Amino acid sequence: MSSDITATAAWRKLRDHHSAIADRNLRELFAEDPERGRELIVQSADLRIDYSKHRVTRETLDLLVELAETAGVAERRDAMFRGEHINTSEDRAVEHIALRVLPGTSLEVDGEDAGAQVHEVLSAMGDFTDSLRSGQWRGATGERITTVVNIGIGGSDLGPVMVYQALRHYVDAGISARFVSNVDPADLTAKLDGLDPASTLFIIASKTFSTLETLTNATAARRWLVDALGEDAVAKHFVAVSTNAERVAAFGIDTANMFGFWDWVGGRYSVDSAIGLSVMATIGRERFGEFLAGMHSVDEHFARTPLHENAPVLLGLLGVWYSNFFGAQSRAVLPYSNDLARFPAYLQQLTMESNGKSVRADGSPVTTSTGEIFWGEPGTNGQHAFYQLLHQGTRLIPADFIGFARPTDDLPTRDGTGSMHDILMSNLFAQTKVLAFGKTAAEITAEGTDPKVVPHKVMPGNRPTTAILAPELTPSVLGQLIALYEHQVFVEGTIWGIDSFDQWGVELGKQQALELAPLLTSAEDPAPQGDSSTDALIGWYRDHR
Ligand code: F6P
């Protein structure tokens, strides 16, 4: 049996401590410890992370760090960095940190120099994207490539599309990108709309090169291209990103046009591998290098900073604090940056596919909840949709607010005297303030409010938030943000004793979809599937399709 974290002295101390402080209010905590707003801050590279508006005292933080020590967070982190097989259910190393090591760093994984392998692929990606961007690589008819279409799903889509959108200011060289993921034909059809096959390059991105959605879309895209330009055009219009050269070749893509990665990179940890080829094609190899350097700076911080000042450790511990001691189910991620609109969706796979587990690494059942539910929308849109529940609802939803000092775009305000970005950021500051400190019945009554309305206007406050601020949304800062969350996932998973790097829970649905597909169209009546609901759903579909 893995050791049960809930049976440790560190856990018991936290439980007792929780009973003592659960009713404490952030107003009191700030009154007692007026410097906390200046001191409960951690800096990791460009990220200034304010965790003062959490329902913790300095004692809580000490106890949480003790929990991390008890769970062996530092030892397991070091084992991950050393390339040990900490993904035990798949017997694999977990080495995404190797994807952003500095050139010349040697890092042994499974007897190979992962650092050297990574830089070899990065250099091949750089040469290829340089040739695309300079117009040296041309389509079959001699046209320049102006659109890359990434076909992939899950980690082979969410990372690239999020980063591409976030870094739209860095997109240049006349190449833009589109992303196709869903097996719903509406996705591919809409994304091909208006494209000229002669100037379009498809990147088929799939770690396994066996994913139904991706291979189905890739086949349809190939048909679209061949119908327009003929079979010989495929070599100039299709490249692949995969760990599986055999399947790439079987699909008909020349492996000379394949960019590889390794089984020690999990799909949801792969945006900084060759899976980021579409991003490199659109922003260039230097900017992509800055993105990797940003990730590396947080890796260094995570690897070397003492636990009580270590940003991913502290934020992961706070996730555990709310999930397991306050019973919180979810965490909102609220970027005050429209360019980060897809960041919450990206984090959903990163965090939920990693930590949505019910058994510990040795197969024994967990004894506490795992896996925060991540969700969110960019501010200020969320304010006009779901913040009502954050402010006055009955559920406790910790929230991460992300904002920048300098905007990627700015426009004057209505009267022409101010900046729209200042308005955006004033909303971030106001929301974190109101969520923490609320407004009491006495304060509302003192404003002369009708007594009947007072209870409706009370803002309970005491809603925890983290404010993550950075100077500007650059490639490096985006890389830092991603690594910050990657390592939080690791910290939480280690405390829960689970394997954050497998995803067996997605397999059965895929397998059964393959088994059910022929029944939807078979000439004979389909065999019963073992439950009346599935039989009736399939029957209805056959009658109405
Ligand atoms: O959803 C399951 C999953 O295996 C993810 O972990 C992965 O990112 C996605 O499918 C796509 O897999 P592939 O890159 O192998 O096509």
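Numbers here simply count residues along the sequence, with the first being 1. Whatever order the structure lists them in is the order used to number ligands and atoms, beginning at 1. Remember, predicted model here, so these are calculated numbers, not experimental data.
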K.L.:
Do any nitrogen or oxygen atoms of Glu507 come within less than 3.5 Å of a nitrogen or oxygen of ligand 1?
P.N.:
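Min N/O separation from ligand 1 is not below 3.5 Å for Glu507.
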
K.L.:
Among protein heavy atoms, which lies nearest atom 15 (O) of ligand 1, and at what distance?
P.N.:
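Ranked first by proximity to atom 15 (O) of ligand 1 is Thr208 OG1, 2.6 Å.
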
K.L.:
Considering the heavy atoms of Thr211, write down every atom of ligand 1 situated less than 4.0 Å from one of them.
P.N.:
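Near Thr211, meaning under 4.0 Å from one of its heavy atoms, ligand 1 has 12 (O), 13 (P), 15 (O), 16 (O).
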
K.L.:
Under 4.0 angstrom from ligand 1, any heavy atom of Glu213?
P.N.:
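In this structure, Glu213 fails to qualify as a contact of ligand 1 - no heavy atom is under 4.0 Å.
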
K.L.:
Give the residue, atom name and distance (to 0.1 Å) of the protein heavy atom nearest atom 8 (O) of ligand 1.
P.N.:
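The closest one turns out to be Gly155 N, 2.7 Å.
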
K.L.:
Please identify which atoms of ligand 1 are closer than 4.0 Å to at least one heavy atom of Gln349.
P.N.:
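Numbered from 1, ligand 1 contributes 5 (C), 6 (O), 7 (C), 8 (O).
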
K.L.:
Ligand 1 and Phe209, any nitrogen or oxygen pair closer than 3.5 angstrom?
P.N.:
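It does not: no N or O of Phe209 is found under 3.5 Å from an N or O of ligand 1.
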
K.L.:
Just wondering, more than 12 heavy atoms not from Arg178 lying within 6.0 Å of its CZ?
P.N.:
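Yes, enclosed.
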
K.L.:
Determine, step by step, whether Gln488 and Glu492 satisfy the side-chain hydrogen bond (donor to acceptor under 3.5 Å, both in side chains) criterion, reporting the C-alpha distance in whole Å, the side-chain angles of both residues, the deciding distance to 0.1 Å, and the verdict.
P.N.:
CA-CA 6 Å; Gln488 281 184 64; Glu492 293 188 340; over 6 Å; no

K.L.:
I'd like to check which ligand 1 atoms, numbered from 1 as shown, lie under 4.0 Å from a non-hydrogen atom of Lys510.
P.N.:
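Near Lys510, the atoms of ligand 1 are 2 (C), 4 (O).
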
K.L.:
Just need the protein heavy atom nearest to atom 9 (C) of ligand 1, so name the residue and atom and give the distance.
P.N.:
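Answer for atom 9 (C) of ligand 1: Ile153 O, 3.7 Å.
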
K.L.:
Please check if the number of heavy atoms outside Asp227 that lie under 6.0 Å from its CG is greater than 12.
P.N.:
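Correct, the count exceeds 12.
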
K.L.:
Crowded around Arg395 CZ? As in, over 12 foreign heavy atoms under 6.0 Å?
P.N.:
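Check fails, neighbour count at 12 or below.
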
K.L.:
Quick one: sort the Trp375 and Phe386 rings into parallel, tilted or perpendicular, breaks at 30° and 60°.
P.N.:
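Plane angle over 60°, so perpendicular.
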
K.L.:
Ring-plane angle category for Phe490 and Phe302, please: parallel below 30°, perpendicular beyond 60°, tilted otherwise.
P.N.:
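Judged by the thresholds at 30° and 60°, the geometry between Phe490 and Phe302 is perpendicular.
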
K.L.:
Could you identify the single nearest non-hydrogen protein atom to atom 1 (O) of ligand 1 and state the distance to 0.1 Å?
P.N.:
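Minimum-distance protein heavy atom for atom 1 (O) of ligand 1 reads Glu353 OE2, 3.1 Å.
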
K.L.:
Can you say whether the rings of Trp540 and His544 are parallel (under 30°), tilted (30 to 60°) or perpendicular (over 60°)?
P.N.:
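Aromatic pair Trp540/His544 classed parallel.
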
K.L.:
Which one holds for Val506 and ligand 1: side chain close, backbone close, both close, or neither close, with close meaning a heavy atom under 4.0 Å?
P.N.:
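Val506 to ligand 1: side-chain contact only, backbone stays beyond 4.0 Å.
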
K.L.:
I'd like to know whether the aromatic ring centres of Phe343 and Tyr485 sit less than 6.0 Å apart in this structure.
P.N.:
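Judged by ring-centre distance (under 6.0 Å), Phe343 and Tyr485 do meet the cut-off.
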
